[in-house]
Amino acid sequence: MTEALEQWKLTPAPKRGEVVRKIGLKLREHQDSLGSLVSLEMGKIKTEGVGEVQEFIDICDLAVGMSRQIPGQVLPSERVDHALLEVWNPLGQIGIISAYNFPSAVHGWNTAVSLVCGNTQIWKGASTSSLVTVAQTKLISEVFLDSNLPGGIATMCQGSGAVVGQRLIDDKRLNLISFTGSTSVGKGVASSVASRFGRTILELGGNNAVIIMDDADLTVALRSVLFAAMGTAGQRCTTLRRLLVHEKIYDKFVPALVDAYSKIKPGNPLVAGTLLGPLHHAGAVREYEEGIKEITKQGGKILYGGSRIEKSKLPSELQNGFYVWPTLVESNNSMPIVKEELFVPITHILKVGSYEEAVEINNNTPFGLSSSIFTKDMRNVFRWIGPIGSECGIINVNTSCSGAEIGGAFGGEKETGTGRESGSDSWKQYMRRGTCAINYGTSVPLAQGVDFNL
């Protein structure tokens, strides 16, 4: 990586963009097979696996254009015959540590942007999705080989987070660590990297809420809620965890949602038409079962689901899989567990009496990733996206809280982490800024009128 960095950072940015363009083309050639591998290894349904690879392709397209538009600035200088500029240069070497739930896309968010910025990188994917890590890196390495560039520009390693991941986190040669995982682990990452004055991008927990106001289009809201709660079997960082329904439409919307849940059938995630696949591992099943137990202990009422899917409801080849029923719980905001993140398909439903109450509940959590409101009242729309509205990094209106486009920056506030990935100006995190004062005259005037003549 270190030797490759010297060559790569001196490569003109548009030339780096051309390599990223070829990576996007390579991914297009293998999108179906790589998407199937994501589905097979992670457990998400195939359309989501293929869509995840599409995210990587899309961010490659974005980064190619970005490679010809990385800006600097020319600023007014107060000194005669002086120019004041800002320039951006490659940060250096980057470490990427991604989670099992998006084994392709999160790597892509970081990779495409960081590469056009002129950095080299090493990626450690989740131990439980290592086949995707190896396959995706192999495709990328083929592009570098065909371009007569060293493979060390973008490489990988595998192993446990406690051993291999920690080695990356502690390595002073890595100028930036981009980490996706739990808030508890992320706090340790932040502390370790900060102690060596490195940079971090942290994509951590979320306790995402959707508000359904009494003037909402309930058909649009219902479809959006279904995907937000069930997509990836509830294992997205943007998954809907808390559904806040206005009391005036509560008795209409909630039964309709329960009915819609009852029509979703589990199946093989690789088979077209399946909408519900398994959880990723046995630990997730334990989290689900322990969560249900604690919810009922705290007074929650199970409206749908609440248990593992019976083997009799599954084909014989799936009966040993980690299948659970997506669960709806009638809860109240005083229950401590409502403020926690359970990384499984459990959605708390809370009745609210006003917009103000809903916003207060939305923000009353340690996390701040994603949120959405369904309403036709434009006054509430602009209050929602403004300074006294949602405190999240993603603030949607009349659409799901889950599923983000690559053109915008992705990330959150509070214990969700720091920094942003993907689009907008996220590229700045992968570069170092230089402020340059240039004297093109024959005198030496000082700023602020300081007089220092001999």
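All values below were derived from every heavy atom in this structure, side-chain atoms included, with hydrogens, water molecules and symmetry-related copies excluded. Keep in mind that this is a model prediction, so the values were computed, not measured.
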Original post:
How about M213 and K248: do any of their side-chain heavy atoms sit closer than 4.5 Å?
Top reply: no
**OP:** Could you tell me whether a side-chain N or O of S192 sits under 3.5 Å from a main-chain N or O of V189, the two making a donor and an acceptor?
**Re:** no
Original post:
Is there a donor-acceptor contact under 3.5 Å linking the side chains of Y288 and T327?
Top reply: yes
**OP:** Taking atom CZ of R196 as the centre, report whether more than 12 heavy atoms of other residues, nucleotides or ligands fall under 6.0 Å from it.
**Re:** yes
**OP:** Please name the residue in the list Q298, H348, R242 that meets the side-chain hydrogen bond (donor to acceptor under 3.5 Å, both in side chains) test with S331.
**Re:** H348
**OP:** Using modelled atom types only, decide if a donor and an acceptor are shared between the side chain of R199 and the backbone of L176 within a distance under 3.5 Å.
**Re:** no
Subject >> Spacing of CD1 belonging to I295 relative to CG belonging to L342, to within rounding of 0.5 Å >> reply: 5.5 Å
**OP:** Report the residue from Q54, E52, Q136 that forms a side-chain hydrogen bond (donor to acceptor under 3.5 Å, both in side chains) with S104.
**Re:** Q136
Original post:
Hey, is D259 close enough to K263 for a salt bridge, meaning N to O under 4.0 Å?
Top reply: yes
Subject >> Sole residue of W427, F56, F410 in ring pair (Phe, Tyr, Trp, His ring centres under 6.0 Å) with W109 >> reply: F410
Original post:
Under 3.5 Å, is there a donor-acceptor pair linking the side chains of S98 and W123?
Top reply: yes
**OP:** Could you tell me whether the side chain of E289 and the main chain of S307 form a donor-acceptor pair under 3.5 Å?
**Re:** no
**OP:** Look only at the side chain of N208 and the backbone of S370, and say whether a donor-acceptor pair between them is shorter than 3.5 Å.
**Re:** yes
**OP:** Measure the spacing between CG of N268 and CG of L276 and express it to the nearest 0.5 Å.
**Re:** 12.0 Å
Original post:
L115 versus R16: any side-chain heavy-atom pair under 4.5 Å?
Top reply: no
Subject >> Shortest non-hydrogen separation from L204 to T183 and the atoms involved >> reply: CB-OG1, 3.6 Å
Original post:
Do other residues, nucleotides or ligands put more than 12 heavy atoms under 6.0 Å from E405 CD?
Top reply: no
Original post:
How many angstroms lie between atom CD of Q93 and atom OG1 of T120, to the nearest 0.5 angstrom?
Top reply: 4.0 Å
**OP:** Identify which one of S426, S178, S114 satisfies the side-chain hydrogen bond (donor to acceptor under 3.5 Å, both in side chains) criterion when paired with E421.
**Re:** S178
**OP:** Look only at the side chain of T296 and the backbone of K293, and say whether a donor-acceptor pair between them is shorter than 3.5 Å.
**Re:** yes
Subject >> Contact summary for T239 and G231, nearest pair of heavy atoms >> reply: OG1-O, 4.2 Å
**OP:** May I have the step-by-step check of side chain to side chain donor-acceptor pair (under 3.5 Å) for S224 and S400, ending in yes or no?
**Re:** CA-CA 5 Å; S224 300; S400 172; over 6 Å; no
**OP:** Starting from the C-alpha separation in whole Å, work towards a yes-or-no answer on salt bridge (Lys or Arg N to Asp or Glu O under 4.0 Å) for E247 and K252.
**Re:** CA-CA 10 Å; E247 60 187 9; K252 179 178 181 181; over 6 Å; no
Original post:
Charged N to carboxylate O under 4.0 angstrom, K428 versus E86?
Top reply: no
Original post:
With a 4.5 Å heavy-atom cut-off, do Y261 and L328 have their side chains touching?
Top reply: yes
Original post:
Just wondering, more than 12 heavy atoms not from Q158 lying within 6.0 Å of its CD?
Top reply: yes
Subject >> Value rounded to 0.5 Å, distance of CD1 in I97 from NE2 in H107 >> reply: 12.5 Å
Original post:
How about R241 and E341: do any of their side-chain heavy atoms sit closer than 4.5 Å?
Top reply: yes
**OP:** Using modelled atom types only, decide if a donor and an acceptor are shared between the side chain of E330 and the backbone of G300 within a distance under 3.5 Å.
**Re:** no
**OP:** Would you check if V185 and F179 make a side-chain contact, meaning some heavy-atom pair closer than 4.5 Å?
**Re:** yes
**OP:** Please test N110 against Y430 for side chain to side chain donor-acceptor pair (under 3.5 Å), starting from the C-alpha separation and ending with a verdict.
**Re:** CA-CA 9 Å; N110 286 275; Y430 303 93; 2.7 Å; yes
**OP:** Walk me through it: do I373 and Y355 pass the test side-chain contact (heavy atoms from CB on, under 4.5 Å)?
**Re:** CA-CA 10 Å; I373 188 171; Y355 167 84; 3.7 Å; yes
Original post:
Is there a side-chain contact (heavy atoms from CB on, under 4.5 Å) between L244 and V210 once you walk through the steps?
Top reply: CA-CA 6 Å; L244 316 181; V210 166; over 6 Å; no
Subject >> Non-hydrogen side-chain atoms of L243 and V245 separated by less than 4.5 Å >> reply: yes
Original post:
Which pair of heavy atoms, one from G92 and one from N119, lies closest together, and at what distance?
Top reply: N-OD1, 2.7 Å
Subject >> Test log, rule side chain to side chain donor-acceptor pair (under 3.5 Å), inputs Q121 and T111 >> reply: CA-CA 8 Å; Q121 65 180 53; T111 295; 2.9 Å; yes
Original post:
So do the side chains of C401 and I394 get within less than 4.5 Å of each other, counting heavy atoms only?
Top reply: no
Subject >> R383 vs E356, salt bridge (Lys or Arg N to Asp or Glu O under 4.0 Å): CA-CA, chis, key distance, verdict >> reply: CA-CA 10 Å; R383 291 165 70 194; E356 289 76 13; 2.7 Å; yes
Original post:
Do side-chain atoms of K414 reach the backbone of E391 as a donor and acceptor pair under 3.5 angstrom?
Top reply: no
Original post:
Under 6.0 Å from the six-membered ring centre of F367 and within 45° of its axis: does the NZ or CZ of K339 meet both?
Top reply: no
**OP:** Kindly compute the distance separating OG (S402) from CG (N396), expressed to the nearest 0.5 Å.
**Re:** 10.0 Å
Original post:
Less than 4.0 Å between a side-chain N and a carboxylate O, is that true for E48 and R236?
Top reply: yes
Original post:
Can you tell me if E357 uses its side chain to pair, donor with acceptor, with the backbone of G353 under 3.5 Å?
Top reply: yes
**OP:** Check whether more than 12 heavy atoms from other residues, nucleotides or ligands sit under 6.0 Å from atom CZ of R68, and answer yes or no.
**Re:** no
Original post:
Which heavy atom in I349 sits nearest to a heavy atom in L257, and how many Å separate them?
Top reply: CD1-CD2, 4.3 Å
Subject >> Test side chain to side chain donor-acceptor pair (under 3.5 Å) applied to S184 and S182, step by step >> reply: CA-CA 5 Å; S184 59; S182 69; 3.1 Å; yes
Original post:
Would you find a donor on one side and an acceptor on the other, under 3.5 Å apart, between the side chain of K44 and the backbone of N101?
Top reply: yes
Subject >> Side-chain donor or acceptor of N207 paired with backbone N/O of V338 under 3.5 Å >> reply: yes
Subject >> Electrostatic pair R28:D61 at N-O distance under 4.0 angstrom >> reply: yes
Original post:
Do you know which two heavy atoms are closest between G305 and W325, and how far apart they sit?
Top reply: CA-CB, 3.7 Å
**OP:** Describe, in one word, how the ring planes of Y100 and H281 are oriented to each other, choosing from parallel (under 30°), tilted (30 to 60°) and perpendicular (over 60°).
**Re:** perpendicular
**OP:** Please round to the nearest 0.5 Å and tell me the distance separating atom CZ of R308 and atom CG of L314.
**Re:** 9.5 Å
Subject >> Distance-minimising heavy-atom pair for A233 and L279 >> reply: O-CD2, 3.6 Å
Original post:
Does P103 reach the side chain of T128, with side-chain heavy atoms less than 4.5 Å apart?
Top reply: no
